Structure formats: structure tokens, C-alpha cells
There are 2 protein chains.
Amino acid sequence: MQTERQQEIISTALDLINEKGIQGLTIKNLSKKLGITEPAIYRHFENKIQILLALLDLLKKNTSQIFETELNSDETAIRKIERLFEKHFYSFAQMPSLASVVFSEEIFRNEEKLIGKISELIEHNNQTLLSILKEGQQRNEIRTDIDGNHLVIFIMGALRLFVKKWQFSGFSFNLEKEGAGLIQSVKLIISTHKN
Amino acid sequence: MQTERQQEIISTALDLINEKGIQGLTIKNLSKKLGITEPAIYRHFENKIQILLALLDLLKKNTSQIFETELNSDETAIRKIERLFEKHFYSFAQMPSLASVVFSEEIFRNEEKLIGKISELIEHNNQTLLSILKEGQQRNEIRTDIDGNHLVIFIMGALRLFVKKWQFSGFSFNLEKEGAGLIQSVKLIISTHKN
DNA sequence: TGCAGGTTAGTAATCATTAACTAAATTTGT
DNA sequence: ACAAATTTAGTTAATGATTACTAACCTGCA
């Protein structure tokens with residue numbers, strides 16, 4: 001469980017990374033933004049790594065959950081993928097800072113624990129997506145001429161790059177609206193060809 | 001033009017980022033790896049930003065050139081895309097450190113000049129790829145039911161994610177060999193459906 | 001009254017960078 | 001051809017900023 005202050009710290013850390021990148025996330029900047037002094041941070045987190053680990057938990061909560069929920073829903077595979085995109089876009093639109101962190105693994109490369117945790121998260125989400133796709137292929141909803149692992153790369157690659165473009169543009173376009181078009185293209189690409 | 005020592009410094013900087021991420025690229029680490037003292041670095045580069053700018057030039061040389069060459073070749077669009085992947089894979093296989101940097105824009109987020117330069121590079125390469133795709137669509141080699149800009153996202157997204165997976169695995173699989181399979185899937189996905 | 005959550009004032013370590021000096025190589029003037 | 005002048009590429013020693021973090025103290029509140 002997290003206290004309100006801890007959540008506030010994590011959310012502010014997220015904003016800082018969004019604004020200035022990982023090199024902008026310092027205890028000084030963090031405390032300044034929170035309106036408290038540096039040592040006060042240490043009343044809530046043991047050290048900086050714990051803050052980043054908590055931040056990774058937030059990422060996990062905001063992405064893993066999406067994958068898991070869809071895996072266990074009753075929809076068609078195509079509809080699951082569609083909702084996967086929609087939910088991601090919704091989540092990022094609600095909290096744009098998230099988009100600046102979630103697909104930027106470079107941020108977590110300076111500590112063994114962090115590397116392990118983000119790798120795990122990515123791998124787990126990929127496996128969940130692969131399950132959805134394989135099920136869709138068995139049901140003949142999703143094309144079988146392309147290996148499931150490759151489909152994962154196309155889907156996640158597109159999602160990642162599209163969100164990164166949005167971030168790079170300074171969140172200047174409507175992610176959910178523009179994203180709807182991309183979702184249609186994804187469906188065209190992965191569906192079994194019917195004619 | 002660059003001196004031999006400057007190239008050595010850039011190449012070593014690349015290796016450092018590959019090993020420890022951008023936070024591992026310090027003048028101290030750099031000089032230690034080169035076997036010289038820290039101030040000696042400043043005989044070859046004005047400051048650290050100039051080193052990163054020179055590193056971006058290396059990235060540009062290794063990616064822009066690939067795109068440009070293919071744009072102006074006489075091959076079919078499909079063959080151009082195929083060679084685009086092959087050349088990227090070859091380039092990264094020759095110099096794996098490159099793969100750790102080229103799709104990690106986060107590295108260059110702490111200085112206005114760096115952000116500008118990497119954004120320019122990405123945008124330029126995307127535009128070149130878009131030209132290739134649109135020409136292919138006009139010639140009816142590439143499917144027209146999906147917008148060119150979306151095809152760019154699928155192609156670049158897949159290339160980026162695939163290379164990133166290779167990096168994440170510690171370059172543990174054969175990029176060119178495994179990549180050949182992905183290229184076949186890319187061709188299946190972007191080609192006009194013929195039957 | 002005890003403690004959660006702040007403060008002030010510091011720590012050692014590390015950061016990029018500079019000043020001043022030097023040995024060796026190279027260029028220049030005669 | 002050769003000594004003098006200059007340049008190149010390194011050194012040691014130090015700079016002020018900044019890093020994450022700590023010790024000791026304070027204060028309002030349950």
C-alpha cells in the first residue's frame with residue numbers, strides 16, 4: 001500500500017521525467033516541484049531507486065492490467081486487440097506523462113533491479129498478447145500465414161512507435177481520435193483475408 | 001572532418017552507452033576507457049555535447065544513407081523495403097553498440113540541440129520511407145487499403161522493436177538470420193494481395 | 001506525549017570543465 | 001641543413017556545481 005504522499009512523489013517523478021528526461025529526475029528537482037525540502041523525500045522513500053521501482057509498479061498497473069483483462073474477456077481476438085489499443089490510448093490521454101516513460105526502457109538502465117523489473121514487464125505483456133493472437137489464429141479470426149511472434153512485433157511495434165510520435169510532437173494531436181484510424185489499419189493487417 | 005582520435009572517442013562513447021546507458025557516459029568513464037586523463041578529452045572536443053552531436057552524425061551516416069540509397073535505386077518498392085531491413089540488420093550486426101543508441105531517443109533529451117537533431121533525423125527517414133511506399137502504391141506493388149503513414153508506423157515500428165529485442169537479449173541471437181524471417185512477414189503484410 | 005513529517009545544515013562523491021605546465025613532433029626562417 | 005618557433009596531445013592539480021543522502025532538531029496533532 002502507498003500513502004498519499006508517496007503517490008504524489010511518484011506522480012511528480014513521472015512528470016519530471018516527461019519534462020526533462022531521466023537526467024532531470026533528481027531529488028532536488030523532485031522536492032522543489034513538491035514544495036518540500038530534499039530530506040523530506042526520504043521520510044517517504046528509502047532512496048531514489050525505490051522511487052523508480054514504485055514508478056515501475058505504476059507502469060505495470062497501467063499496462064499489465066490492460067493485457068490481462070483483455071486476455072480473459074469473451075470477445076473475439078480482433079476485438080481484444082482493438083480494445084487493447086483503445087485502452088492504452090485512453091490511459092495515455094488521461095496521463096500523458098505515462099507515455100514518456102512506458103516505452104523508454106533506457107530510463108531504467110542504471111540499476112540491475114530496474115532492468116530486471118522492466119524486462120519482466122515487457123516479456124509478460126508480450127506473452128499475454130501472443131496468447132490472444134494464437135487463440136485468434138486457432139479460431140481463424142487472425143491470419144495464420146504469419147507467425148504469432150511476428151504479429152506481436154507488428155502490433156506492439158506500431159503501438160510503441162505511434163505513442164512515441166505523439167510524445168515527440170509534444171502531445172499535440174488527439175491520441176484517441178488519430179489512434180482510431182491506426183486501429184482500423186491494425187485490424188486490416190492481422191485479420192484473415194476474406195474474399 | 002574528424003581526426004582518428006575523435007573517431008576513437010565517439011566509438012568509445014557509443015560502447016559506453018551500450019554498456020551502461022546514457023548515465024554511464026561520463027568524461028571520467030570515457031577517458032578511463034581510452035586510457036587517457038579527463039582533460040585530454042578536451043583537446044579533441046569542446047565539450048560533452050559536441051561528442052554527442054558527433055555521435056548523432058554517426059547515426060545519421062549509418063541510417064540516413066540506407067534510406068536514401070534505397071529511395072534512389074531501381075528496384076521494386078517491396079525489394080527496397082527488403083533491402084532496407086537487410087542493410088539495417090547488417091549495420092547493427094557489424095556494430096551492435098549502434099543498436100543500443102539508434103532507437104533510444106531518450107539518450108538525447110537533455111539538450112535542445114540534441115533533441116532537434118535526433119527529431120530531424122527520425123522525421124527525415126520517415127519521409128524517405130513514405131516516398132518509397134507511396135511509389136509502390138502507385139505501381140500497385142503495395143496495398144492501397146492502408147494509408148502510407150500507417151504503413152510507415154508498421155514497418156518502422158517492427159524494425160525498431162525487433163532491434164530493441166535483440167539489444168535487450170544482450171545480442172544473443174543472430175540478427176541477420178532471425179531478421180530474414182521477419183522480412184518475409186513484412187513483405188506479406190505490405191504487399192498487394194494477389195489471388 | 002509520542003510520532004509523522006517536516007526543517008537546517010551538513011556530508012562525501014562525482015560531475016564537467018579549466019589552468020598551467022611539458023614532452024615530443026612539426027613547421028619555419030635562414 | 002638545422003636551430004628556433006610553434007603546435008599537438010598529453011599531464012597534474014584544481015575549480016565550482018551538483019549528486020544522493022544523513023544527522024540532528026523542530027513542530028503540530030491524535
Side-chain angles (χ1 to χ4, degrees), chain A residues 1-57 101 104 106-115 117-118, chain B residues 1-57 101 106-115 117:
Chain A
M1 279 301 93
Q2 276 168 359
T3 66
E4 215 167 302
R5 196 50 141 180
Q6 281 175 322
Q7 286 176 4
E8 212 178 339
I9 290 171
I10 295 161
S11 156
T12 308
L14 199 63
D15 289 343
L16 258 175
I17 294 174
N18 173 43
E19 286 164 28
K20 311 182 190 183
I22 186 60
Q23 314 205 56
L25 179 65
T26 65
I27 301 296
K28 190 173 191 171
N29 289 348
L30 195 51
S31 58
K32 196 187 296 172
K33 204 158 213 216
L34 283 158
I36 57 178
T37 58
E38 296 164 59
I41 302 277
Y42 292 90
R43 295 280 171 213
H44 306 280
F45 285 99
E46 199 189 329
N47 52 44
K48 194 178 165 181
I49 292 163
Q50 300 306 313
I51 298 175
L52 283 167
L53 282 170
L55 207 160
L56 276 178
D57 279 332
V101 172
S104 299
E106 177 66 26
I107 290 170
F108 306 100
R109 276 199 54 189
N110 61 326
E111 186 70 31
E112 210 58 53
K113 265 188 192 170
L114 298 171
I115 297 171
K117 191 148 188 171
I118 188 106
Chain B
M1 281 301 94
Q2 276 169 359
T3 66
E4 215 167 301
R5 195 51 139 179
Q6 281 175 322
Q7 286 176 5
E8 210 178 342
I9 290 171
I10 294 161
S11 157
T12 308
L14 199 64
D15 289 343
L16 258 174
I17 295 175
N18 174 43
E19 286 164 28
K20 311 183 190 181
I22 185 62
Q23 312 202 61
L25 179 65
T26 65
I27 301 295
K28 190 173 190 167
N29 289 348
L30 195 51
S31 57
K32 196 186 297 171
K33 206 157 214 224
L34 282 158
I36 55 177
T37 59
E38 294 166 68
I41 302 279
Y42 292 89
R43 292 283 170 213
H44 306 278
F45 285 99
E46 200 188 327
N47 53 44
K48 194 178 167 181
I49 293 161
Q50 300 306 314
I51 297 175
L52 284 166
L53 282 170
L55 207 160
L56 276 177
D57 279 333
V101 171
E106 177 67 26
I107 290 170
F108 305 99
R109 275 200 53 189
N110 61 327
E111 186 70 30
E112 209 58 53
K113 265 188 191 171
L114 298 171
I115 298 171
K117 191 149 187 169

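In what follows, chains carry the letters A, B, and so on, assigned in the order in which the sequence lines appear, proteins first and then strands, with residues in each chain numbered from 1. Not measured: the values here are computed from a predicted model.
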Quiz item: Run the salt bridge (charged side-chain N to carboxylate O under 4.0 Å, His left out) check on B/Glu19 and A/Arg109 step by step: do they pass?
Solution: CA-CA 9 Å; B/Glu19 286 164 28; A/Arg109 276 199 54 189; over 6 Å; no
Quiz prompt | Residues touching DNA chain C, which here means a heavy atom under 4.0 Å, drawn from residues 40-47 of chain B | solution =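 Listed by number, they are B/Tyr42, B/Arg43, B/Asn47.
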Exercise. With a 4.0 Å heavy-atom cut-off, tell me which residues in residues 2-25 of chain A come close to DNA chain C, sorted by residue number.
Key: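 By residue number: A/Arg5.
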Quiz item: If an axis is fit to five pairs at each end of the helix from C/dT1-D/dA30 to C/dT30-D/dA1, what is the angle between the two, to the nearest 10°?
Solution: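 The angle separating the two end axes equals 10°.
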Self-check item: Closest listed nucleotide, where the reference is the side chain of B/Ile36 and the choices are D/dG10, D/dA23, C/dA19
Solution: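 The answer is D/dG10, which lies nearest to the side chain.
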Would a 4.5 Å heavy-atom cut-off, applied to side chains only, mark [X] and [Y] as touching?
X	Y	result
B/Ile115	B/Phe108	no
A/Glu111	B/Gln23	no
A/Asn110	B/Lys20	no

Counting N and O atoms only, with roles assigned by atom type, does the side chain of [X] sit under 3.5 Å from a partner on the main chain of [Y], one being a donor and the other an acceptor?
X	Y	result
A/Ser11	A/Gln7	no
A/Thr26	A/Asn29	yes
B/Ser31	B/Ile27	yes
B/Lys48	B/Leu25	yes
B/Arg5	B/Ile41	no

[X] [atom1] - [N] [atom2] separation (whole Å):
X	N	atom1	atom2	value
B/Asn110	C/dC15	CG	P	15 Å
A/Leu30	D/dA20	CG	P	9 Å
B/Glu111	C/dC15	CD	P	18 Å
A/Ile27	C/dA12	CD1	P	20 Å
A/Glu38	C/dG5	CD	C1'	16 Å

Self-check item: Criterion side-chain contact (heavy atoms from CB on, under 4.5 Å) against B/Phe45, the qualifying member of B/Leu53, B/Ile9, B/Leu30
Solution: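 The side-chain contact (heavy atoms from CB on, under 4.5 Å) with B/Phe45 is passed solely by B/Ile9 among B/Leu53, B/Ile9, B/Leu30.
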Self-check item: Residue that, paired with B/His44, satisfies side-chain contact (heavy atoms from CB on, under 4.5 Å) out of B/Glu4, B/Gln50, B/Gln6
Solution: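 Considering B/Glu4, B/Gln50, B/Gln6, a side-chain contact (heavy atoms from CB on, under 4.5 Å) with B/His44 is found only for B/Gln6.
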Practice problem: Scan A/Thr37 against the nucleic acid and name what it touches under 4.0 Å (heavy atoms): base, sugar-phosphate only, or nothing. | Solution: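 Here A/Thr37 touches the bases of the nucleic acid.
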